[in-house]
Participant: 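I have a structure here, written as C-alpha cells, and I will follow up with some questions on it.
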Amino acid sequence: MTFAAVVVIAGLAGGDGAEVPATPGVGPIATKNAELPPTEGVEATPPSFGPPPKLDLGSMGESEIALAARQSMGVDLRYMRRADTTARLKRNPLYGTGTMRPTSCRAPRPSTRPGDMLNYLNAVTGCLDRAWAGKFSQAGAVFLQPRRVYWSRPGRGPCGTYPNPRFAAYYCPSNRGMYIGLTHLVQQTGRTDPAANHVPYLAVLAHEYGHHVQTMAGIGGAWWWEVSNRSKAAQDAHSRRNELQAQCLAGVFIRTVRNPLGVTGSRWNDVLRMEYGRGDDQGGGGPRDHGTGDHYAGWLHQGWKYARIGYCNTWVVPASQVS
C-alpha cells in the first residue's frame, strides 16, 4: 500500500471521545503488479499455517458478537472513537457471521477485448455486492456498494491519476472506488490470457473488493488511526496485516463461486503461483508492506480453505504469520 501523505483525519481535534468517520490517507490501496516466480524450486502450495480453530475474540464469543450486532441494526462501523480501534480490528462484528455460503453467480468469460473484460468485471462485482451485503446484514451493519471505475482511458480520481505503473488495480477509500483498467489489468497481471484462465482477474477484483469490505467494516480506518503517528516500520507492519486480510477475504468469496465460475484446481494453483510472485520478498528491495510471497499466497488460500471471515482475522495472529 502506498500513501501519498499522512492525512490528519477530520474530527480528531475533538479528542478520544469524538465520533468521526475513520478513513486512511488519500493514497490508493493497491494490488501489486504480478511477478511470476521462477518455475524451478518454487512450491506453489502455500504453507499450512493458520489461525487456531477457535479464534480468541475477546470478552465475547462468536455467537455473542453476532447477536449483539443484530440487536443494534444498521450500525455504521466506519464511525468510531479512537478508543474503539482495537475492537474494530480484533473483534469486528463481521468475524462472528460464520461461513460464507455458496454464491449464485453468472459471468461471461473475459478476453483481451475491453468490452468483454468490462462485462466480466461488472457481472462478478454484482456477485460480490450480493455476497458481502448479506454478511453485513447478518452482522447488523451498514453496507454501501463500491463505486466501479473500470476505465479504458487514463484519468484522475481522489487517490491520484491512473494508470499507475506500480499498480495493477487499486481501491480508493476516499470515494469507495475500485479502479481497474480494462487493458491495463491484462498487461500488469502476468499477461495471462483471460479467455484461458480468468481466475487471476477474479482474484484481483476480489482483493480490491476486500479493501472495500475493510472500509465499510471500519477496519481500514482503524488500522491507519492506530499507526498514523508512529514509525514507518509500524505502519508497514499494520499495512501487511491489512493487505493479507484482503487476500483472505478474496479467498473466502472465490470459494463460494468456485462451481458457477469454474475455479478448477489447476486454475487455483496457477493463481497461487502468481500471488506468491507478488510478495515483498520477490521483487527485490521494495517496500515490505504487503507480506512475503508465502504469506501473500497463504492467506488467499486460508480464505479459500475455510470460507469463514473470522479466520481472516490477521490482527490477532503472531507477527511471524504476517511477515
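Residue indices begin at 1 and follow the sequence shown.
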Participant: So do Asn242 and Trp224 actually touch side chain to side chain, heavy atoms under 4.5 Å?
Facilitator: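 No, side chains not in contact.
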
Participant: Looking at every heavy atom in both Val142 and Met216, which two are closest together, and how far apart are they?
Facilitator: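 Taking Val142 first and Met216 second, the nearest heavy atoms are O-CE, 3.6 Å.
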
Participant: Please tell me if the side chains of Arg88 and Leu77 come closer than 4.5 Å, counting only heavy atoms from C-beta onward.
Facilitator: yes

Participant: Do the side chains of Thr97 and Phe136 get nearer than 4.5 Å, heavy atoms only?
Facilitator: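 Heavy-atom side-chain distance check fails, nothing below 4.5 Å.
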
Participant: Do you know the tightest heavy-atom contact between Ser320 and His295?
Facilitator: O-CE1, 2.9 Å

Participant: Could you check if a side-chain atom of Ile254 sits within less than 4.5 angstrom of a side-chain atom of Thr256, using non-hydrogen atoms only?
Facilitator: no

Participant: Do Lys135 and Gln138 get their side chains close enough for a donor-acceptor pair, meaning under 3.5 Å?
Facilitator: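 On atom types as modelled, these side chains qualify, holding a pair under 3.5 Å.
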
Participant: Taking the inter-plane angle between the rings of Trp268 and Trp304 on a 0 to 90° scale, is it parallel (under 30°), tilted (30 to 60°) or perpendicular (over 60°)?
Facilitator: parallel

Participant: For the pair Asn175 and Cys172, evaluate side chain to side chain contact (heavy atoms under 4.5 Å, CB included) and give the outcome as yes or no after the intermediate values.
Facilitator: CA-CA 6 Å; Asn175 67 345; Cys172 182; 3.5 Å; yes

Participant: Can you sort out the partners of Thr99 under side-chain hydrogen bond (donor to acceptor under 3.5 Å, both in side chains), two or more places apart, ordered by chain and number?
Facilitator: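 Residues passing side-chain hydrogen bond (donor to acceptor under 3.5 Å, both in side chains) with Thr99: Arg308.
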
Participant: Taking the side chain as C-beta and beyond, is there a heavy-atom pair between Thr314 and Gln321 under 4.5 Å?
Facilitator: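 No, too far: nothing below the 4.5 Å cut-off.
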
Participant: Might you point out which heavy atoms bring Cys312 and Leu249 nearest each other, and give the distance in Å?
Facilitator: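 The pair with the smallest heavy-atom distance is SG-N, 3.7 Å.
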
Participant: Are any non-hydrogen side-chain atoms of Thr125 and Asp129 less than 4.5 angstrom apart?
Facilitator: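 Yes, side chains in contact.
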
Participant: Calculate, to the nearest 0.5 Å, the distance between atoms CD and OH belonging to Gln302 and Tyr306 respectively.
Facilitator: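 Those atoms lie 5.5 Å apart.
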
Participant: Please determine whether side chain to side chain contact (heavy atoms under 4.5 Å, CB included) holds for the pair Val124 and Val257, giving the CA-CA distance in whole Å, both sets of side-chain angles, and the decisive distance to 0.1 Å.
Facilitator: CA-CA 10 Å; Val124 177; Val257 295; over 6 Å; no

Participant: Indicate the atoms forming the closest heavy-atom contact of Gly210 with Ala246, along with that distance.
Facilitator: C-CB, 4.4 Å

Participant: Looking at every heavy atom in both Leu89 and Trp315, which two are closest together, and how far apart are they?
Facilitator: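 Taking Leu89 first and Trp315 second, the nearest heavy atoms are O-CD1, 3.3 Å.
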
Participant: Rounded to the nearest 0.5 Å, how far does NZ of Lys232 lie from OG of Ser239?
Facilitator: 8.0 Å

Participant: Ignoring hydrogens, what is the shortest heavy-atom contact between Tyr162 and Arg153? Give both atom names and the distance.
Facilitator: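 For Tyr162 and Arg153, the tightest heavy-atom pair comes out as CE1-O, 3.6 Å.
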
Participant: At what distance, to the nearest 0.5 angstrom, does NZ of Lys90 lie from OH of Tyr95?
Facilitator: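 That separation rounds to 10.5 Å.
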
Participant: Looking at CZ of Arg240 and CD of Gln245, how far apart are the two atoms once the value is rounded to the nearest 0.5 Å?
Facilitator: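 These two atoms lie 15.0 Å from each other.
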
Participant: Under 3.5 Å, which donor-acceptor pairs link side chains of residues 104-116 to any protein atom two or more places apart or in another chain?
Facilitator:
{"from": "Ser111", "atom 1": "OG", "to": "Arg113", "atom 2": "N", "distance (Å)": "3.1"}
{"from": "Ser111", "atom 1": "OG", "to": "Asp116", "atom 2": "OD2", "distance (Å)": "2.7"}

Participant: Side chains of Gln247 and His207: any donor to acceptor distance under 3.5 Å?
Facilitator: yes

Participant: For Trp151, check side-chain hydrogen bond (donor to acceptor under 3.5 Å, both in side chains) against everything at least two apart and list the hits.
Facilitator: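 For Trp151, no residue satisfies side-chain hydrogen bond (donor to acceptor under 3.5 Å, both in side chains) once neighbours in sequence are set aside.
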
Participant: Please list, chain by chain and in numerical order, all residues satisfying side-chain contact (heavy atoms from CB on, under 4.5 Å) with Leu118, sequence neighbours excluded.
Facilitator: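 Once residues adjacent in sequence are excluded, the partners of Leu118 under the side-chain contact (heavy atoms from CB on, under 4.5 Å) criterion are Asn122, Tyr150, Leu182.
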
Participant: Under the ring pair (Phe, Tyr, Trp, His ring centres under 6.0 Å) rule, what do His212 and Tyr209 come out as? Steps first, then yes or no, please.
Facilitator: CA-CA 5 Å; His212 177 66; Tyr209 206 104; 5.6 Å; yes

Participant: Hey, what do you get for OG (Ser228) to CD (Gln235), rounding to the nearest 0.5 Å?
Facilitator: 7.5 Å

Participant: Can any side-chain N or O of His198 pair as donor or acceptor with the backbone N or O of Leu261 at less than 3.5 Å?
Facilitator: yes

Participant: Do Val271 and Leu300 have side chains that get closer than 4.5 Å, going by heavy atoms?
Facilitator: yes

Participant: Quick one: sort the Tyr179 and Tyr170 rings into parallel, tilted or perpendicular, breaks at 30° and 60°.
Facilitator: parallel

Participant: Determine whether Leu272 and Arg267 make a side-chain contact, defined as any pair of heavy atoms from C-beta on separated by less than 4.5 Å.
Facilitator: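 Not touching, per the 4.5 Å side-chain cut-off.
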
Participant: Using a distance-only test with no angle check, is there a side-chain donor-acceptor pair under 3.5 angstrom linking His211 and Glu208?
Facilitator: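 There is no such pair between these side chains.
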
Participant: Mind checking side-chain contact (heavy atoms from CB on, under 4.5 Å) for Arg130 and listing every partner two or more places apart, or none if nothing turns up?
Facilitator: Cys127

Participant: Would you sort out whether Thr292 and Tyr276 count as a side chain to side chain contact (heavy atoms under 4.5 Å, CB included), showing the intermediate values?
Facilitator: CA-CA 8 Å; Thr292 65; Tyr276 175 92; over 6 Å; no

Participant: Between CD1 of Ile309 and CE of Met100, what distance do you get to the nearest 0.5 Å?
Facilitator: 5.0 Å

Participant: Evaluate the criterion salt bridge (Lys or Arg N to Asp or Glu O under 4.0 Å) for residue pair Asp270 and Arg273; output intermediate values, then yes/no.
Facilitator: CA-CA 5 Å; Asp270 286 344; Arg273 286 188 63 250; 5.0 Å; no

Participant: Report the residues that fulfil side-chain hydrogen bond (donor to acceptor under 3.5 Å, both in side chains) with Asn119, sequence neighbours left out, ordered by chain and then residue number.
Facilitator: none

Participant: Please determine whether side chain to side chain contact (heavy atoms under 4.5 Å, CB included) holds for the pair Tyr171 and Thr215, giving the CA-CA distance in whole Å, both sets of side-chain angles, and the decisive distance to 0.1 Å.
Facilitator: CA-CA 10 Å; Tyr171 174 78; Thr215 292; 3.3 Å; yes

